> 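Supplied in structure tokens, the structure appears directly below.
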Amino acid sequence: MRDTLEMAGLEGLDQDIDRATEALLALQRPDGHWVFELEADATIPAEYILLRQHLAEPDAPELEAKIGRYLRRIQGADGGWPLFHAGAMDLSASVKAYFALKMIGDDPAAAHMARARGAILALGGAGRANVFTRILLALYGELPWGKVPTIPVEMVLLPRWFPVHLSRMSYWARTVLVPLLVLQALRVRARNPRGVCIPELFTDAPPQGPKPRSHKHPGWALFFNVLDRGLKLVEPLWPRRTRRRAIDWCRDFVTERLNGEDGLGAIYPAMANAVMMYDALGYPEDHPDRAIARRSVEKLLVIREDEAYCQPCVSPVWDTALTAHAMMEVGGVAAAEAAAKGLAWLKPLQELEVKGDWAVQRPDVRPGGWAFQYRNAHYPDLDDTAVVVMAMDRARRQCDAGRGYDEAIDRGVEWTVGLQSKGGGWGAFDADNEHHYLNNIPFADHGALLDPPTADVSARCISMLAQLGEPADSPRLARARDYLLRGQEADGSWFGRWGVNYIYGTWSALSALGAIGMTTADAPVKAAVDWLLAIQNPDGGWGEDCDSYSLDYRGYQPARSTASQTAWALLGLMAVGAGEEPAVARGIAWLQANQRDDGLWRQDAYTGGGFPRVFYLRYHGYPLFFPLWALARYRNLKRGNAPRMALGM
């Protein structure tokens, strides 16, 4: 790295861009795609260890040792495990990590275990963990099932008009919940051949510190809590025939959506629950459905020489599409060829046949989206689809792609437009998934049961339509613009649902507003630009912590500069003609100064969003392709003597 920060000009920029480009080209897979690690917190690796013991699988001491080293390394200084790098301890993640370490043989008297246990007990013990953790503890007999919110498996047989119905929940809630309903109905018990228990993590003492704020509405929460108590009383009275029919329905739902070796919903919790469901239903290990479900989990492992962990999912479509954008921004023969190869890999992954769960709300819309993962036919998403379509359109413009992507683009646009919600915005996977009262049911203590429209996804869809030439005053684009502007915060920023946080949301929104022709002469844009300028760090970069998702958020709090967030801020400013701001040159200088000798950037911070306040993601690719994109965009604007690029992002 350079030892000093200097104002960035074009001198040296070419070499920095070339080094980053060469490094990214070296990471492209032979078939054309890019995929980078997707890391969460201690929860998933811990659950993986406990899944193996739930099923009484053969010992894997070498793998367990590597996961153990990983878990010990990411333990926080306070004794617990955080949800993101350098964050505060999270009770539920800490309970699972402690349980997993004890399961693989760590002595409870060891210093790191004693510190963890003390921290857990100080917060009220394992009994105060979140719902998913308490379900795991119930599976292991550490808690009675009565301590877990009751959702009768028979709910899957209710008509669609019923207020609590699967179709009203998000895709991730459906895929996780359905196999879980079977486990709960059957009161499944983990085999636990080692007989490891954690009674030492329970206490009757009240937790220390103030009670955290809740997302729940007191009235609705009271109603659903009373309902939960009633369900616990009547659950033993459900007719056996009805219960059997409901369990069969759940089995069929999961089997239809198994998704091959990419797994149910292509997310770890759903995949693991599917394996346990098949096991509970008596499927032998070699049954094709159970076997393929189990293999899907193994594909999430990242195994290094000394450590290993389990990813929550994989992100090849997202990584490939965004890296292709960065490569096309760089330009030149090698980068253009790499982008074309990546897009050729993406093209056949478009889902053109399966009408997924989204069709419940939009039955007349033809499929046409891309998923986030390698395969997830029932659950493509709007964000990936918009980014892929924009990349393919850009390839038509500057990479001599001809008309080869025309049909794919048209179908992607058709599907995206078909899933626009009534209020003008877009959610990630469904239309009009806005039944907010459901976040008050006891099961939804994470506050993420729904998939409502968000500013960042909506902005991406606006960007796509605008890049393709949709008039800014067309009815659907005007409704989307109005939705986006209604969501602007008082300080000028936008909330970022899928990226951390207001920097991500503001970059997304400014890209969209710039694409429809708005500039700093427009008040909303000026307010957003002023906010980004105001929060720039003294070192020239930008940063924001995951704590910005706190329910008592009162405005931006300074955080260390990161490569991805600096790139987002720069791309947002340049999207609306603010590229001549001195802050942009300082941001470019920060990226240049923090580029490593290998041409890439290091970032331990978690800047991806899974579920606000519950689950965050470290995209290992973000500090690789976003900074390159920003540097190349800056060079292109300077050399082209243009205020901004006529692109959606």
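Please read all numbers here as calculations on a predicted model, not as lab measurements. Starting from 1, each residue takes its place in the sequence as its number.
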> Does a side chain donor of either Ser463 or Gln467 reach within less than 3.5 Å of an acceptor in the other side chain?
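The criterion, which ignores hydrogens and geometry beyond distance, is not satisfied for Gln467 and Ser463.
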> From Met271 CE over to Glu261 CD, what is the distance, rounded to the nearest 0.5 angstrom?
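Result: 10.0 Å between the selected atoms.
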> Aromatic rings Tyr619 and Tyr622: how do their planes relate, parallel, tilted or perpendicular, breaks at 30° and 60°?
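Ring orientation of Tyr619 relative to Tyr622: parallel.
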> Can you name the side-chain contact (heavy atoms from CB on, under 4.5 Å) partners of Pro367, sequence neighbours left out?
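For Pro367 the side-chain contact (heavy atoms from CB on, under 4.5 Å) partners, ignoring immediate neighbours, are Lys355, Trp358, Arg411.
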> Report the C-alpha separation of Met464 and Thr416 in whole Å, then their side-chain angles, then the decisive distance to 0.1 Å, and conclude whether the side chain to side chain contact (heavy atoms under 4.5 Å, CB included) test is met.
CA-CA 10 Å; Met464 179 197 73; Thr416 301; 3.8 Å; yes
> Answer yes or no: is there an ion pair linking Arg479 with Asp482, defined by an N-O contact shorter than 4.0 Å?
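Salt bridge: no.
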> Could you list the residues that satisfy side-chain hydrogen bond (donor to acceptor under 3.5 Å, both in side chains) with Ser561, not counting sequence neighbours?
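Per chain and number, Ser561 pairs via side-chain hydrogen bond (donor to acceptor under 3.5 Å, both in side chains) with Asn537, Asp539.
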> For Ala578 and Thr520, work out which heavy atoms get closest and say how close.
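In this case the closest contact between Ala578 and Thr520 is CB-CG2, 4.5 Å.
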> Whether the side chain of Tyr171 engages the backbone of Asp357 through a donor-acceptor N/O pair (distance < 3.5 Å, no angle test) should be reported.
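Such a contact is absent between Tyr171 side chain and Asp357 backbone.
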> Flag the pair Asp456 and Arg497 as a salt bridge only when some basic side-chain nitrogen lies within less than 4.0 angstrom of an acidic carboxylate oxygen.
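So Asp456 does not pair with Arg497 through a salt bridge.
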> If we ignore angles and hydrogens, is there a donor and acceptor under 3.5 Å between the side chains of Arg19 and Gln595?
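Yes, Gln595 and Arg19 have a side-chain donor paired with an acceptor closer than 3.5 Å.
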> Does a side chain donor of either Glu329 or Asn636 reach within less than 3.5 Å of an acceptor in the other side chain?
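Present: a donor and an acceptor within the cut-off.
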> Could you pull out the closest heavy-atom pair between Trp370 and Leu346, with the gap in Å?
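What the structure gives for the nearest pair is NE1-O, 2.9 Å.
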> Under the 3.5 angstrom rule, does the side chain of Thr323 hit a backbone N or O of Phe625 as a donor-acceptor pair?
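No, the answer is negative, given that no donor and acceptor are paired below the 3.5 Å cut-off.
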> State whether a side-chain donor-acceptor pair under 3.5 Å links Ser564 with Gln603.
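The criterion, which ignores hydrogens and geometry beyond distance, is satisfied for Gln603 and Ser564.
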> For Phe372 and Asp381, work out which heavy atoms get closest and say how close.
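For Phe372 and Asp381, the tightest heavy-atom pair comes out as N-OD1, 3.4 Å.
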> Can you name the closest pair of heavy atoms from Gln488 and Ala527 and give their distance?
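Taking Gln488 first and Ala527 second, the nearest heavy atoms are NE2-CB, 4.0 Å.
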> Give a yes-or-no answer on whether the side chains of Ser550 and Arg613 include a donor-acceptor pair shorter than 3.5 Å.
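No, Arg613 and Ser550 have no side-chain donor paired with an acceptor closer than 3.5 Å.
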> So that I know where these two stand, are Tyr616 and Phe84 an aromatic pair - ring centroids less than 6.0 Å apart?
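Between Phe84 and Tyr616, which both carry aromatic rings, the centre distance is below 6.0 Å.
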> Please, which pairs that meet salt bridge (Lys or Arg N to Asp or Glu O under 4.0 Å) have at least one residue in residues 566-583, sequence neighbours excluded?
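Output for this query lists Glu580-Lys638.
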> Give a yes or no answer on whether the side chain of Glu544 reaches the backbone of Tyr556 with a donor-acceptor pair at less than 3.5 Å.
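No; zero donor-acceptor contacts below 3.5 Å.
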> Quick one: pull up CG in Leu647 and CZ in Arg394 and give me the separation to the nearest 0.5 Å.
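Separation between the atoms: 4.5 Å.
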> If we ignore hydrogens and angles and just use 3.5 Å, is the side chain of Thr175 paired with the main-chain N or O of Trp172 as donor and acceptor?
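The answer is yes, because a donor-acceptor pair under 3.5 Å joins these two groups.
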> Mind checking the CG-CG spacing from Asp384 to Leu322? Nearest 0.5 Å is all I need.
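Answer rounded to 0.5 Å: 8.0 Å.
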> Going by the ring pair (Phe, Tyr, Trp, His ring centres under 6.0 Å) test, name the single residue among Tyr549, Trp568, Phe495 that passes it with Tyr504.
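Going through the options one by one, the only one that passes is Trp568.
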> Give a yes or no answer on whether the side chain of Gln420 reaches the backbone of Gly425 with a donor-acceptor pair at less than 3.5 Å.
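No.
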> Return each pair, listed once, that meets salt bridge (Lys or Arg N to Asp or Glu O under 4.0 Å) where at least one residue sits in residues 332-354; pairs must be two or more places apart or across chains.
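Pairs touching residues 332-354 that pass the test: none.
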> Show the nearest heavy-atom pair for residues Ala371 and Tyr379, with the distance to one decimal.
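Residues Ala371 and Tyr379, closest heavy atoms: CB-O, 4.1 Å.
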> With the side chain counted from C-beta on, respond yes when Ile588 and Leu570 share a heavy-atom pair under 4.5 Å apart, and no when they do not.
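Ile588 reaches Leu570 side chain to side chain.
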> Report the relative orientation of the aromatic rings in Phe626 and Trp507; use parallel for angles under 30°, tilted for 30 to 60°, perpendicular for over 60°.
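Phe626 vs Trp507 ring planes: perpendicular.
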> Sort and list the pairs that fulfil salt bridge (Lys or Arg N to Asp or Glu O under 4.0 Å) and have at least one residue in residues 29-40, not counting sequence neighbours.
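Of all non-adjacent pairs touching residues 29-40, those that pass salt bridge (Lys or Arg N to Asp or Glu O under 4.0 Å) are Glu37-Arg304, Glu39-Arg618.
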> Please check if any side-chain donor atom of Ser493 sits under 3.5 Å from a side-chain acceptor atom of Glu489, or the reverse.
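Looking only at side-chain atoms, Glu489 and Ser493 do not form any donor-acceptor pair under 3.5 Å.
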> Any non-hydrogen side-chain atom of His33 less than 4.5 Å from a side-chain atom of Gln28?
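With C-beta onward as the side chain, the pair stays apart.
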> Hey, what do you get for CE (Met392) to CG (Leu343), rounding to the nearest 0.5 Å?
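One finds 5.5 Å between CE of Met392 and CG of Leu343.
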> Asp522 side chain to Thr519 main-chain N or O, any donor-acceptor pair under 3.5 Å?
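Side chain of Asp522 to backbone of Thr519: a pair is present.
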> Does any donor atom in the side chain of Asp16 or Gln592 lie under 3.5 Å from an acceptor atom in the other side chain?
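Looking only at side-chain atoms, Gln592 and Asp16 do form a donor-acceptor pair, the distance falling under 3.5 Å.
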> Check Arg362 with Asp432, please: is the shortest side-chain N to carboxylate O separation under 4.0 Å?
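A salt bridge is present here (some side-chain N lies under 4.0 Å from a carboxylate O).
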> Just wondering, do Phe611 and Leu449 contact through their side chains at under 4.5 Å, heavy atoms?
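They are not in side-chain contact.
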> Can you name the nearest heavy-atom pair linking Pro159 to His165, along with the distance?
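Smallest interatomic distance, heavy atoms only, reads O-CD2, 3.2 Å.
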> Show the numbers, then the answer: is there a side chain to side chain contact (heavy atoms under 4.5 Å, CB included) between Met649 and Leu571?
CA-CA 8 Å; Met649 61 186 301; Leu571 289 168; over 6 Å; no
> Check step by step if side chain to side chain contact (heavy atoms under 4.5 Å, CB included) holds for Val354 and His378.
CA-CA 7 Å; Val354 176; His378 283 81; 3.9 Å; yes
> Is the backbone of Asp262 close enough, under 3.5 Å, to the side chain of Gln373 for a donor and an acceptor to pair up by distance?
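Between the backbone of Asp262 and the side chain of Gln373 there is no qualifying donor-acceptor contact (under 3.5 Å).
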> Passes side chain to side chain contact (heavy atoms under 4.5 Å, CB included), Phe429 versus Leu382? Steps please.
CA-CA 6 Å; Phe429 300 92; Leu382 281 305; 5.8 Å; no
> Checking the side chain of Asp451 only, and the main-chain atoms of Ala428 only, is there a donor and an acceptor separated by less than 3.5 Å?
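Yes, Asp451 side chain to Ala428 backbone: donor-acceptor pair under 3.5 Å.
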> Quick one: does Met327's side chain get under 4.5 Å of Leu25's, heavy atoms only?
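They are in side-chain contact.
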> Check whether any side-chain heavy atom of Leu300 sits under 4.5 Å from a side-chain heavy atom of Leu38, and report yes or no.
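Leu300 vs Leu38: side chains apart.
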> Side chain of Tyr483, backbone of Pro453: donor and acceptor closer than 3.5 Å?
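Flag set: sc Tyr483 to bb Pro453 pair under 3.5 Å.
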> Check whether any side-chain N or O of Arg460 sits under 3.5 Å from a backbone N or O of Ala512 as a donor-acceptor pair, and report yes or no.
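Looks like no, no N/O pair under 3.5 Å.
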> May I ask you to decide whether Asp14 forms a salt bridge with Arg639, counting only side-chain N to carboxylate O separations under 4.0 Å?
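Arg639 and Asp14: salt-bridged.
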> Is it the case that the side chains of Asp319 and Ser315 hold a donor-acceptor pair, with the cut-off being a distance below 3.5 Å and no angle test?
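The answer is yes; a qualifying pair exists.
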> Identify, with sequence neighbours excluded, every residue that meets salt bridge (charged side-chain N to carboxylate O under 4.0 Å, His left out) alongside Asp545.
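Applying salt bridge (charged side-chain N to carboxylate O under 4.0 Å, His left out) to Asp545 gives none.
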> Nearest 0.5 Å, please: how far is OH in Tyr374 from OG1 in Thr320?
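Here the rounded value is 7.5 Å.
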> Between CD1 of Ile462 and CH2 of Trp426, what distance do you get to the nearest 0.5 Å?
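Ile462 CD1 to Trp426 CH2: 6.0 Å, rounded to 0.5 Å.
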> Counting heavy atoms not belonging to Gln398, are there more than 12 under 6.0 Å from its CD?
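Yes, the 6.0 Å shell around CD holds more than 12 heavy atoms from other groups.
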